[in-house]
Amino acid sequence: MAILPGIPLPTRIACAIGLFLWASGTDPAFACDTGALVDAFNAADQPRLATLAAEKCSGEYRSLADRLQGLLAFNGIAASVAEGKPLAGFAQPLEEAARAFGGPWHVWDALGDIAREGKDYAAAYKAYTLALEQVRDDIGTPDWMAPDTAYTHRLLGLADEMRLAGNVKPLVFRCPCSWRMRGMTLKEKVFPDMFEAGRDTISSDGAALLQELTGNLKAVGGARVTIAVHVRTEGNASGDMALSDARARTLSEKIGALGLRQQVQTMGLGRVLPWRPVDGGSYPPDVTNRLNNRIVIRVD
């Protein structure tokens, strides 16, 4: 379970941190004092936060007000979970907070955990991805609200794992091609198997994945990139290696047509590196199979 322990739980905000006016060209007439938001949050005064959120202020101010309302709701749930109540029992209030306030990322992370424990891996992927979109938003998620680097990497790993486990091939969101996340440069991205079963031909579902993969390649510019194809079938190890090599050649041809051949190296790894679940444990054989048939882009 993500929210306890490990997830940062801001229960109070120092006014020195909270008093800012989002200086981004906002009309001063609509730049409200965030100190009132801070006071209401620290007092756990949900009605006051709701009143402040309704004021005619900047969009950034209202976004912060919504995030604080969602965080206040989340903190109450986290306190109950710390007392031993199951997280799954709070799915409805978490969903209500997500609908009403759009987050914050803590809410989406918790919803991802609930979906993952319920084996709804596609829903978990969507929730973790929404959490990461909010983490990436430097304005809507100020530094004091953001997870640390280690926890951000955990969220990235869980999103990858759920995408593979849930066999989420069509894009759920627009191409997430950025390799930057709150000052970090990502080193790798993971994609589900995009080939027809037992063959080196791109599947109909895989065409959208290939488009996403090439979009990510273009986003890294002139960096050196390695694409590794992982394969594990019911056959033997040598057959899996041969199939992964053939699929790597297919990708090389597709990428070469884009004029990116010089900066991209493809390789087949067969079953050499099986997937290791982020939080340990194990999956049923069909899910394990999806985890072990994947494509990884790594930027050197």
Side-chain angles (χ1 to χ4, degrees), residues 1-3 6-7 70 74 87-88 90-92 94-95 97-99 102-137 141 146-147 150-179 181-182 184 186-195 203-213 215-216 219 230 232 274-298:
M1 182 174 60
I3 64 170
I7 194 169
F74 174 83
L87 176 61
F90 295 95
Q92 182 175 343
L94 285 166
E95 290 167 357
R99 285 193 298 269
W105 68 267
H106 313 66
V107 169
W108 292 112
D109 182 26
L111 286 170
D113 285 352
I114 292 172
R116 179 164 58 106
E117 291 172 5
K119 296 181 171 48
D120 188 347
Y121 302 124
Y125 164 67
K126 181 177 180 180
Y128 289 134
T129 302
L130 285 167
L132 285 165
E133 284 194 351
Q134 295 211 351
V135 171
R136 194 187 298 273
D137 179 6
T141 304
Y151 203 89
T152 299
H153 279 295
R154 178 179 181 276
L155 281 173
L156 289 163
L158 285 171
D160 287 339
E161 187 166 302
M162 293 301 98
R163 187 178 192 186
L164 296 175
N167 199 27
V168 184
K169 290 187 176 181
L171 291 178
V172 175
F173 304 100
R174 57 181 169 71
C175 177
C177 295
S178 174
W179 289 80
M181 175 79 72
R182 299 199 77 90
M184 298 185 299
L186 307 183
K187 292 297 184 182
E188 69 177 36
K189 294 189 179 183
V190 181
F191 298 83
D193 181 11
M194 62 180 69
F195 292 89
S203 68
S204 55
D205 285 344
L209 284 170
L210 180 61
Q211 183 178 4
E212 181 186 351
L213 185 149
N216 276 277
H230 299 258
R232 188 178 183 93
W275 183 271
R276 294 185 178 181
V278 173
D279 284 345
S282 61
Y283 289 95
D286 60 326
V287 176
T288 300
N289 181 62
R290 290 195 288 269
L291 294 170
N292 287 328
N293 286 274
R294 64 191 187 277
I295 297 165
V296 179
I297 302 179
R298 181 165 183 82

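We use all heavy atoms of the structure for the numbers below, so side chains are in, but hydrogens, waters and symmetry mates are not.
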W105 backbone acceptor or donor facing D109 side chain under 3.5 Å: no
Hey, is the main chain of E133 close enough, under 3.5 Å, to the side chain of D137 for a donor-acceptor pair? no
E95: partners by salt bridge (charged side-chain N to carboxylate O under 4.0 Å, His left out), with sequence neighbours left out: none
Applying salt bridge (charged side-chain N to carboxylate O under 4.0 Å, His left out), can you list everything that pairs with R182, at least two apart in sequence or on another chain? D138, D143
Under the salt bridge (charged side-chain N to carboxylate O under 4.0 Å, His left out) rule, collect the residues that match up with D160, sequence neighbours excluded. none
Any residue meeting side-chain contact (heavy atoms from CB on, under 4.5 Å) with R290, in chain and number order, not counting sequence neighbours: N167, D286, V287
Those residues that, when tested against Y283, pass side chain to side chain donor-acceptor pair (under 3.5 Å) (two or more places apart): E161
Applying side-chain contact (heavy atoms from CB on, under 4.5 Å), run through F74 and L94 and close with a yes or a no. CA-CA 7 Å; F74 174 83; L94 285 166; 4.2 Å; yes
When you measure from the side chain of R163 to the backbone N and O of Y125, does any donor-acceptor pair fall under 3.5 Å? no
Looking only at non-hydrogen atoms, find the nearest pair between S178 and K189 and report the distance. O-NZ, 2.8 Å
Where do F195 and I295 land on the side-chain contact (heavy atoms from CB on, under 4.5 Å) test, with the steps shown first? CA-CA 10 Å; F195 292 89; I295 297 165; 3.9 Å; yes
So, the side chain of W108 versus the backbone of K126: is there a donor-acceptor pair under 3.5 Å, distance only? no
Using the side chain to side chain donor-acceptor pair (under 3.5 Å) criterion, which residues pair with D120? Sequence neighbours excluded. none
For P104 and G70, which heavy atoms make the closest approach, and how far apart are they? CD-C, 3.4 Å
Would you name the heavy atoms of A127 and L111 that are closest together and state the gap between them? CB-C, 4.0 Å
